[in-house]
Amino acid sequence: MIKPAALSDGATARRRLLLAAPIAMIGAVASLIGPGPGAIARAAPQRSGRAHAAIIGGVAEPGQLSSVAELVDIKGRTGLLCTGTVVAPRLVLTAGHCAENLSTGARNAAAGYLVLTGTVSDSDPAGQVSRVIGVLVYEGFARRFAIGDAALLVLATPTSAPAIKLAGRGDASMLRAGTSATIAGWGLTHAGTGRVAQKLRSAHTVVQKQRWCARHTAFFVRSELCAIDSVHHTSGACFGDSGGPLIADGQGGEPVEIGIVSHGDAHCSPRRPAVFTRIDLVAPWVRTWIRAYAPRVAPPPQPTLPPATTP
C-alpha cells in the first residue's frame, strides 16, 4: 500500500505531498479476491457507529492517537508515504515494505526520511518533524509475501509523543475473532482519487477468524491478522496507511497495538479485508531495540573522602 508522490521540503519542514504518479501496487501482496460467502465476525453493536469514522472518509479527533506517526521517504522529486507508531522516544515502528526496496531487498537510506509525530494534523505547529539516522528491518521479513512485515526507524532526535503499548504473549484474547479494533493512518482518503490525508484518519474494524482470512485474501499466514468493517463496509485501509496500527482496548481501556498494516485489496475496497502483521510475534525483536536505544543514565557521583592528614 505505497503511494508515490512529489514532495517539497519547505522552510517549515512540514510535509507536503502533491500527487504526481499512479498508485504503486505491491504485486504479490496486493489482494485481488473479494470477501465471498462465509461467516464474518461482528463487533459489539454499541461500537458499530464508529464505522463511519473511516480512514477513507473520517478524521481523528485532536488528542486521540497521539502515538501514530506520519512517514515520508524522500526519493528525489518523488516520495513514499507510510504510517507508523512511536514505541520509544527515538523509535518508530512501521511496515518492512516501507523500509526497503521490494525488488532488490536493499534497505532505504535513512537520510531520505522525514517523520512527523505528536500531532493529528499537518498544519499543527506543535508537531515534531524528525530526521532518521537508522533503518532496522525485522530479520524475519520475507518481502515477496510480506511475511514478518515490520521495521523500525531510528529518529535523530527524541520525540515527546507517547509510546504505544505493544501486544505480547499474554494478550491472546485481543487477537480473537470478533475483537473490536481501530485502524489509523495518513494514507489516501478516497481510493483512486490521489487525495492524501492532511489529518490523521481512523476507522473501526473487526478481527476475523484465520480460516476466513485465508479464504478471502490473496495470501495469508498464521503470523498475520485480518480485519474488516463487517457491519457497514464503509471503512478500510488504503495506500499510505501501510505500517499503521491495528489498536484494541487493553485493561482499563488502554490502547494496545496488536497489528501493523501490511497488505490488502488493490482498490482499497472496504468490502475486502486488510491484513496485518501480528505485533505479539515481532514484539520481542522490537523490545530488544527499545532497550538498545534507551537513554543512558549516568551513575550517581561517588562520595570522596577528604585526604588523610598526618598528626
Side-chain angles (χ1 to χ4, degrees), residues 13-15 50 53 55 58-72 82-95 98 113-134 136 150-168 170-171 174 180-187 197-205 241-261 276-280 282-297:
R14 188 67 65 221
R15 168 280 221 185
R50 293 180 60 194
I55 293 181
V59 176
E61 294 295 329
Q64 292 182 335
L65 305 170
S66 53
S67 299
V68 182
E70 181 184 24
L71 319 178
V72 175
C82 281
T83 302
T85 48
V86 175
V87 295
R90 292 186 59 197
L91 294 174
V92 170
L93 179 64
T94 188
C98 294
Y113 287 96
L114 288 177
V115 178
L116 175 66
T117 58
T119 183
V120 296
S121 172
D122 275 348
S123 59
D124 181 4
Q128 294 177 261
V129 177
S130 303
R131 295 285 182 178
V132 171
I133 59 171
L136 309 169
L152 288 165
L153 301 184
V154 184
L155 303 183
T157 53
T159 176
S160 60
I164 195 167
K165 182 178 179 180
L166 302 179
D171 298 311
M174 288 189 285
S180 184
T182 298
I183 51 177
W186 289 90
Q198 298 301 305
K199 293 185 178 180
L200 176 67
R201 294 172 181 255
S202 65
H204 171 257
T205 192
D241 296 323
S242 288
L246 178 65
I247 301 171
D249 290 338
Q251 293 184 353
E254 179 184 15
V256 177
E257 184 170 358
I258 63 174
I260 304 168
V261 175
F276 306 81
T277 300
R278 280 175 52 177
I279 285 288
D280 61 318
V282 301
W285 170 79
V286 174
R287 292 189 178 108
T288 296
W289 285 108
I290 290 175
R291 290 191 294 270
Y293 280 94
R296 303 291 181 184
V297 178

Quiz item: Checking side chain to side chain contact (heavy atoms under 4.5 Å, CB included) for the pair V154/L136: CA distance, chi angles, key distance, verdict?
Solution: CA-CA 8 Å; V154 184; L136 309 169; 3.9 Å; yes
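- The structure places CG of L71 at 6.5 Å from SG of C98, a figure rounded to the nearest 0.5 Å.
- W285 CH2: more than 12 foreign heavy atoms inside a 6.0 Å radius.
- Residue L246 comes nearest to A181 through the heavy atom pair CD1-CB, 3.6 Å, listed as atom of the first residue, atom of the second, then distance.
- Distance check: S180 OG to I247 CD1 gives 12.0 Å after rounding to the nearest 0.5 Å.
- Not counting sequence neighbours, A294 has no partner by the side-chain contact (heavy atoms from CB on, under 4.5 Å) test.
- For the side chain to side chain donor-acceptor pair (under 3.5 Å) test, no residue two or more places apart in sequence or in another chain qualifies with D171.
- Of the N and O atoms on the side chains of T83 and E70, not one donor lies less than 3.5 Å from an acceptor on the other residue.
- Under a 3.5 Å cut-off, the side chain of Q128 and the backbone N or O of S160 do form a donor-acceptor pair.
- Donor-acceptor pairing under 3.5 Å is recorded for the side chains of S121 and S123.
- For the pair T94 and I260, the minimum side-chain heavy-atom distance is 4.5 Å or more.
- Summarising the geometry of K165 relative to P255, their closest heavy-atom pair is CB-O, 3.9 Å, with the distance given to 0.1 Å.
- Take T157 and apply the side chain to side chain donor-acceptor pair (under 3.5 Å) test, not counting sequence neighbours, and it matches no residue.
- Minimum interatomic distance between A163 and A88 (heavy atoms only, all atoms of both residues): CB-N, 3.9 Å.
- Considering all non-hydrogen atoms of both residues, A95 and S242 come closest at CB-C, 4.4 Å.
- At a threshold of 4.5 Å between non-hydrogen side-chain atoms, the residues K199 and V120 do not count as touching.
- Note that the CG atom of L116 and the CG atom of L200 stand 9.5 Å from one another [nearest 0.5 Å].
- Between the CG atom in L91 and the CZ atom in R287 there is a gap of 13.0 Å [rounded to 0.5 Å].
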Practice problem: Verify side chain to side chain contact (heavy atoms under 4.5 Å, CB included) between I258 and D280, making sure each step is shown before the conclusion. | Solution: CA-CA 7 Å; I258 63 174; D280 61 318; over 6 Å; no
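- When only modelled atom types and interatomic distance are considered, T182 and H204 share no side-chain donor-acceptor pair under 3.5 Å.
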Exercise. Run the numbers on V286 and L166 for side chain to side chain contact (heavy atoms under 4.5 Å, CB included), then give the verdict.
Key: CA-CA 9 Å; V286 174; L166 302 179; 3.6 Å; yes
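- Judged purely by atom type and a 3.5 angstrom limit, S67 uses its side chain to pair as donor or acceptor with the backbone of P162.
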Quiz item: Stepwise, does the side chain to side chain contact (heavy atoms under 4.5 Å, CB included) test hold for I133 with L155?
Solution: CA-CA 6 Å; I133 59 171; L155 303 183; over 6 Å; no
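- Once rounded to the nearest 0.5 Å, the distance linking CG of D241 with CH2 of W186 reads 11.5 Å.
- For P158, the side-chain contact (heavy atoms from CB on, under 4.5 Å) criterion is met by P89, R90, not counting sequence neighbours.
- Listed by chain and residue number, T159 satisfy the side chain to side chain donor-acceptor pair (under 3.5 Å) test with T117 (two or more places apart in sequence, or in another chain).
- From Y113, atom OH reaches atom SG of C82 across 7.5 Å, with rounding to the nearest 0.5 Å.
- With sequence neighbours excluded, the residues that form a side-chain contact (heavy atoms from CB on, under 4.5 Å) with T85 are V68, V87, L93, I164, P245, E257.
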